[in-house]
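Scroll down for the structure; my scribbles are underneath it.
Nothing here was measured: the structure is a model prediction, and the numbers come from that model.
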Amino acid sequence: MIQIGKYNTLKMLKLAERPNPHAFGGKETFGIFLDGGKEGEILMPQKYVPEGIHVGDDVHCFVYLDQDERPIATTEQPLAQVGDFAYLKVSWVNEYGAFLDWGVMKDVFCPFREQKKRMEIGDSYIVYIYVDEDSYRIVASAKVDRYLMDVNEDDEEHRNELWHKLETAEPVDLLVWQKTELGFKVIINNRYGGLVYEDQVYQLVHTGDRLEGYLQNIRQDGKIDLALQPTGRRQTESFAETLLQWLRDNGGHCSLDDKSDAEEIKRQFHVSKKVYKRAIGDLYKRRLIIISGIGIQLTS
């Protein structure tokens with residue numbers, strides 16, 4: 001079955017042609033028709049048709065709904081699919097809601113009832129993309145809370161995957177959602193809500209940023225705490241290599257040592273003083289640096 005608002009692989013059925021007395025043979029080609037199964041023939045406009053395509057070939061394409069709410073295929077790459085959270089900019093607004101640019105010719109609609117506050121042209125918002133069951137339209141909702149999964153109520157496969165990443169310190173994908181007094185709310189792996197605490201942020205972060213993060217805790221109530229850097233020994237090893245490369249790229253010397261101010265370290269390297277000191281210790285034990293009264297220096 002066709003998945004509306006997602007990528008599909010469909011077979012080419014035939015050329016899409018119409019009469020044109022000025023064209024060679026009295027017909028002009030305006031695209032191709034793809035086999036949409038129960039949805040019937042699906043048009044792919046000519047400007048999106050891959051070169052060298054023939055009848056019977058498979059076409060990997062994104063299928064959405066045109067102005068008349070009919071399925072249409074494109075090789076454009078959308079910024080999000082149905083089932084995704086995304087940070088999208090408002091193209092225009094009318095008396096019914098806002099229209100957001102999601103990377104294909106027709107904007108996605110966000111009705112006023114799905115807005116947390118009235119959206120304005122030119123501004124961007126975190127939204128969830130879904131197919132409205134009543135109207136069969138692809139729509140966006142800024143009320144993303146209702147579409148986030150509760151890890152305690154999710155299926156076993158996804159729960160186990162998340163716990164595995166916590167135990168192995170593997171990174172997860174984050175979409176920065178909004179700033180709070182405690183830190184930044186984020187969306188984890190396009191599925192769960194989480195929080196990166198303010199004291200775990202050592203870099204500039206903005207709503208809409210896509211980052212790697214590391215799980216720190218999955219609480220009994222289902223709330224998830226994260227950091228933007230790996231923790232423990234893995235974090236030390238990761239930053240030690242970063243610092244080593246920085247020294248190689250910057251003349252072999254850094255004026256910051258284990259007694260330097262924490263804010264200077266944060267501003268320079270986006271890590272805590274604790275992590276910086278551990279990395280220095282790691283490089284020193286490996287005899288890759290020396291520590292002097294004026295900073296650290298690569299050994300010859």
(request) For Met44 and Thr74, run side-chain contact (heavy atoms from CB on, under 4.5 Å): C-alpha distance rounded to whole Å, both residues' side-chain angles, the deciding distance at 0.1 Å, then the answer. (result) CA-CA 6 Å; Met44 173 177 281; Thr74 180; 5.7 Å; no
What's the separation between atom [atom1] in [X] and atom [atom2] in [Y], rounded to the nearest 0.5 Å?
X	Y	atom1	atom2	result
Glu264	Leu256	CD	CG	6.0 Å
Ile121	Asp123	CD1	CG	10.0 Å
Glu28	Arg18	CD	CZ	4.5 Å
Ile32	Ile42	CD1	CD1	11.0 Å
Ile289	Leu283	CD1	CG	5.0 Å

Should [X] and [Y] count as side-chain neighbours, where that means a heavy-atom distance under 4.5 Å?
X	Y	value
Tyr48	Met105	yes
Pro71	Tyr64	no
Lys116	Lys143	yes
Leu174	Ile188	yes
Gln77	Phe62	no
Cys110	Phe99	no
Val82	Asp84	no
Phe109	Glu114	no

(request) Determine, using the 4.5 Å side-chain heavy-atom cutoff (strictly less than), whether Val151 and Leu175 are members of one ILVMFWY cluster. (result)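 No: no chain of side-chain contacts under 4.5 Å links Val151 to Leu175.
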(message) Under 4.5 Å between side-chain heavy atoms, counting indirect links through other Ile/Leu/Val/Met/Phe/Trp/Tyr residues: same cluster for Val93 and Val127 or not?
(response)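 They do share one cluster, since a chain of ILVMFWY contacts under 4.5 Å joins Val93 to Val127.
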Can a salt bridge be assigned to the pair [X] and [Y] using a cut-off of 4.0 Å between side-chain N and carboxylate O?
X	Y	answer
Glu241	Arg286	yes
Arg70	Glu39	no
Arg219	Asp225	yes
Glu69	Lys106	yes

(request) Using the side-chain contact (heavy atoms from CB on, under 4.5 Å) rule, take His164 and Glu161 through it: C-alpha gap first, then chi angles, then the decisive distance, then the call. (result) CA-CA 5 Å; His164 175 75; Glu161 179 185 3; 5.6 Å; no
(request) Evaluate the criterion side-chain contact (heavy atoms from CB on, under 4.5 Å) for residue pair Leu10 and Asp58; output intermediate values, then yes/no. (result) CA-CA 5 Å; Leu10 308 176; Asp58 286 336; over 6 Å; no
(message) Given 3.5 Å as the limit, does a donor-acceptor pair link the side chain of Asn250 with the main chain of Trp246, or not?
(response)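 Yes: the side chain of Asn250 pairs with the backbone of Trp246.
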(message) With no hydrogens and no angle check, just 3.5 Å: does a side-chain donor-acceptor pair link Asp107 and Ser91?
(response)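 Note: Asp107 and Ser91 side chains meet the donor-acceptor criterion.
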(message) Go through it in stages, so that I can follow the logic: the residues are Tyr125 and Tyr87, the test is ring-ring contact (aromatic ring centres under 6.0 Å, His included), and I'd like the CA-CA distance, side-chain angles, deciding distance and then a yes or no.
(response) CA-CA 5 Å; Tyr125 303 86; Tyr87 188 55; 8.1 Å; no
(request) State which residue, out of Trp177, Tyr192, Phe85, Tyr128, fulfils the ring pair (Phe, Tyr, Trp, His ring centres under 6.0 Å) condition with Tyr147. (result)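 So, applying the ring pair (Phe, Tyr, Trp, His ring centres under 6.0 Å) to Tyr147 and each of Trp177, Tyr192, Phe85, Tyr128, only Tyr128 qualifies.
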(request) Only pairs at least two apart or in different chains count here, so list each salt bridge (charged side-chain N to carboxylate O under 4.0 Å, His left out) that has a residue in residues 151-160. (result)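 Only Asp154-Arg191, Asp155-Arg191 qualify under salt bridge (charged side-chain N to carboxylate O under 4.0 Å, His left out).
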(message) Please determine whether salt bridge (Lys or Arg N to Asp or Glu O under 4.0 Å) holds for the pair Glu198 and Lys179, giving the CA-CA distance in whole Å, both sets of side-chain angles, and the decisive distance to 0.1 Å.
(response) CA-CA 9 Å; Glu198 185 74 42; Lys179 180 76 171 65; 2.9 Å; yes
(request) Go through the steps for Val186 and Leu226 under the test side-chain contact (heavy atoms from CB on, under 4.5 Å), then give the verdict. (result) CA-CA 9 Å; Val186 295; Leu226 304 105; 3.8 Å; yes
(request) Check step by step if salt bridge (Lys or Arg N to Asp or Glu O under 4.0 Å) holds for Glu263 and Lys273. (result) CA-CA 8 Å; Glu263 285 302 313; Lys273 182 172 181 176; over 6 Å; no
(request) Could you tell me if the ring centre of Tyr276 sits under 6.0 Å from that of Phe269? (result)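 Tyr276 vs Phe269: aromatic centres under 6.0 Å.
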